[in-house]
Asks: 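Quick one: structure below, then a few questions.
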Amino acid sequence: DLTAEQRALFEGLIGRVAYESVSVFDAPQLNAATVGYRFRDTLLNIYYPLNPLSGPAYNPLWYRVSAGFVHAAHIQPVSIQYNEPLASLPENGKLCRVTIPFTAPYNYSSENGWELISQYLLYYDSNHWVTAIVEGPDGQPWYQITESWEGVQYYAAAAHLQPVPDEDLSPLSPDVPAGEKRIEISLALQSLTAFEGDQVVLRTQISSGVRNSGAAGLPTETPTGTFNVNSKLPAKYMGDNRLTDTLGDRYLPGVPWTLFFAEGGYAIHGAYWHNNFGAPMSRGCVNMRPADAQWLYRWVTPVAGADEWEARGQGTRVVVS
């Protein structure tokens, strides 16, 4: 049993089911008895995390919940934080991050008024460019969000999005020569390591592409070779039956901290739709925990300003093996 002090560390920890359904087991092991199921977007009160020897080895993280134990693979750790709406916006808009488990976006037109968008939600740790402040359907401030893809616009409650401070977008290690920075990705180890010369400055788990099924279209395996970051965006719209970064075609608005590095749309970026880092999960991109992806976004070149939607140029070297 945990002590009262240890339990206090995990008080208020919440997990969102990020898959169609997950099993609840009577013990923290995949061959234990199933005692129930929890379905997409259900919020779970997590008593505490644990790393039992039963594994699995690539991702041994489990969560103790009220009915038993759930493996962490498809449980997104989230919190609930409401925000004071901005009174005004910079000319180029303001990057904002969702700080509640999910929020429902709406469309607005003079003909139909406010209409719920039923195809998708905006999830915790997704990033969005806010381009206007309006009065929403509840009479409270709402933000107009403009997505990176074809200027798609919709609206969400301002209290659910936190403006990203400029200091959280400032370059890291700007005095290190660009040529001294490099990223090495091991597909065998499912790891990413960032170097400044010979010094390791970040090492973290990733989820790369699954093995190609042989279906028509772009390969789902992450390409190997030596590349360079050529485009970086703090928020990127993905999905909608195009090259997606999940195992199913669906909408992925606000993918955070995206670094394109290989022809065909392959990128390193944060992932809010799973928590199974250490195992291949994507259709070719390199998934990272959002906090690690933000650090990497700030560290790599090309350098981007706080109000810059996209920075292009031959940037940091990426070696995938």
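Note that the coordinates shown come from a computational prediction; the quantities given were computed from them, not determined experimentally.
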Asks: Could you check S207 against Q190 for side chain to side chain donor-acceptor pair (under 3.5 Å), going step by step and ending with a plain yes or no?
Replies: CA-CA 6 Å; S207 288; Q190 290 291 288; 4.8 Å; no
Asks: If I compare all heavy atoms of P60 with all of P52, which pair ends up nearest, and what's the gap?
Replies: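 Closest approach of P60 to P52, heavy atoms only: O-CD, 3.4 Å.
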Asks: Would you call F39 and V17 a side-chain contact if the rule is heavy atoms closer than 4.5 Å?
Replies: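 Heavy-atom side-chain distance check fails, nothing below 4.5 Å.
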Asks: Specify the closest pair of heavy atoms between L233 and S231, including all atoms of both residues, with the distance to one decimal.
Replies: CD1-OG, 3.5 Å
Asks: Do any N or O atoms from the side chain of Q294 and from the backbone of G270 form a donor-acceptor pair under 3.5 angstrom?
Replies: no
Asks: Could R16 and F102 be counted as a cation-pi pair, given that NZ or CZ must be under 6.0 Å from the ring centre and within 45° of the axis?
Replies: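 Because its charged atom misses either the 6.0 Å distance or the 45° angle limit, R16 does not stack over F102.
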Asks: To the nearest 0.5 Å, tell me how far S23 OG sits from H71 NE2.
Replies: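 That separation rounds to 12.0 Å.
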Asks: Is any side-chain heavy atom of L89 closer than 4.5 Å to one of T131?
Replies: no
Asks: Is any side-chain heavy atom of W257 less than 4.5 Å from a side-chain heavy atom of L296?
Replies: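 No, too far: nothing below the 4.5 Å cut-off.
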Asks: Is it the case that more than 12 heavy atoms not belonging to E167 sit under 6.0 Å from its CD atom?
Replies: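 For E167, atom CD is crowded (more than 12 foreign heavy atoms under 6.0 Å).
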Asks: Please indicate whether N45 has more than 12 foreign heavy atoms, meaning atoms of other residues, nucleotides or ligands, lying under 6.0 Å from its CG.
Replies: no
Asks: Would you sort out whether E184 and T193 count as a side chain to side chain donor-acceptor pair (under 3.5 Å), showing the intermediate values?
Replies: CA-CA 5 Å; E184 294 187 2; T193 307; over 6 Å; no
Asks: When rounded to the nearest 0.5 angstrom, what distance separates CG in L44 from CD1 in I14?
Replies: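 Rounded to the nearest 0.5 Å, the CG-CD1 separation comes out at 10.0 Å.
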Asks: Could you tell me which non-hydrogen atom of L13 sits nearest to which non-hydrogen atom of P49, and how far apart they are?
Replies: CD2-CD, 4.4 Å
Asks: Side-chain atoms of residues 28-38: list all donor-acceptor pairs with protein atoms under 3.5 Å, sequence neighbours left out, distances to 0.1 Å.
Replies:
{"unit_1": "Q29", "atom_1": "NE2", "unit_2": "N31", "atom_2": "OD1", "d": "3.2"}

Asks: What closest approach, in Å, do P223 and F227 show between heavy atoms, and which atom pair accounts for it?
Replies: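 For P223 versus F227, the nearest heavy atoms are O-CE1, 3.8 Å.
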Asks: Considering only heavy atoms from C-beta outward, does the side chain of R317 approach that of T226 to under 4.5 Å?
Replies: yes
Asks: Under a 4.5 Å cut-off applied to non-hydrogen side-chain atoms, are L86 and Y143 in contact?
Replies: yes
Asks: Hey, what do you get for CG (N127) to CD1 (I145), rounding to the nearest 0.5 Å?
Replies: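 One finds 10.5 Å between CG of N127 and CD1 of I145.
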Asks: Taking distance alone, no hydrogens or angles, what donor-acceptor pairs closer than 3.5 Å link side-chain atoms of residues 62-70 to residues at least two apart or in another chain?
Replies:
{"unit_1": "W62", "atom_1": "NE1", "unit_2": "G55", "atom_2": "O", "d": "2.7"}
{"unit_1": "Y63", "atom_1": "OH", "unit_2": "N275", "atom_2": "ND2", "d": "3.3"}
{"unit_1": "R64", "atom_1": "NH1", "unit_2": "G68", "atom_2": "O", "d": "3.2"}

Asks: Just jot down the side-chain contact (heavy atoms from CB on, under 4.5 Å) partners of D198, sequence neighbours excluded, or say none.
Replies: none
Asks: Please list, chain by chain and in numerical order, all residues satisfying salt bridge (Lys or Arg N to Asp or Glu O under 4.0 Å) with K94, sequence neighbours excluded.
Replies: D166
Asks: Rounded to the nearest 0.5 Å, how far apart are CD of Q162 and CD1 of I100?
Replies: 12.5 Å
Asks: Does any non-hydrogen side-chain atom of W299 lie less than 4.5 Å from one of V176?
Replies: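 Not touching, per the 4.5 Å side-chain cut-off.
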Asks: Between T316 and T301, do the side chains contain a donor N or O and an acceptor N or O under 3.5 Å apart?
Replies: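 Note: T301 and T316 side chains meet the donor-acceptor criterion.
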Asks: Search all heavy atoms of Y297 against all heavy atoms of E308 and return the closest pair with its distance.
Replies: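 Taking every non-hydrogen atom into account, OH-O, 4.4 Å.
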Asks: Who are the side-chain contact (heavy atoms from CB on, under 4.5 Å) partners of D307, not counting sequence neighbours?
Replies: N92
Asks: CD/Q81 to OG1/T99 distance, rounded to the nearest 0.5 angstrom?
Replies: 5.0 Å
Asks: I'd like to know whether CG of L116 has more than 12 heavy-atom contacts from other residues, nucleotides or ligands below 6.0 angstrom.
Replies: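 Counting neighbours around CG of L116, more than 12 heavy atoms of other residues, nucleotides or ligands fall under 6.0 Å, so yes.
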Asks: Counting only heavy atoms not in Y19 (residues, nucleotides, ligands), do more than 12 fall under 6.0 Å from its OH?
Replies: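 Open: at most 12 neighbouring heavy atoms sit under 6.0 Å from OH of Y19.
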Asks: So E20 and R40, do their side chains get closer than 4.5 Å, heavy atoms only?
Replies: yes
Asks: What's the spacing between I206 CD1 and S191 OG if we round to 0.5 Å?
Replies: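 One gets 7.0 Å once the value is rounded to the nearest 0.5 Å.
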Asks: Kindly state each residue pair satisfying side chain to side chain donor-acceptor pair (under 3.5 Å) with at least one member in residues 102-120, sequence neighbours excluded.
Replies: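 Qualifying pairs, neighbours excluded: T103-H160.
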Asks: The test is side chain to side chain donor-acceptor pair (under 3.5 Å); show your working for Y124 and S79 and say whether it passes.
Replies: CA-CA 8 Å; Y124 184 85; S79 63; 3.1 Å; yes
Asks: Tell me which one of R97, Q76, R289 satisfies side-chain hydrogen bond (donor to acceptor under 3.5 Å, both in side chains) with D125.
Replies: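 So the option named by the test is R97.
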Asks: So V78 and Y272, do their side chains get closer than 4.5 Å, heavy atoms only?
Replies: no
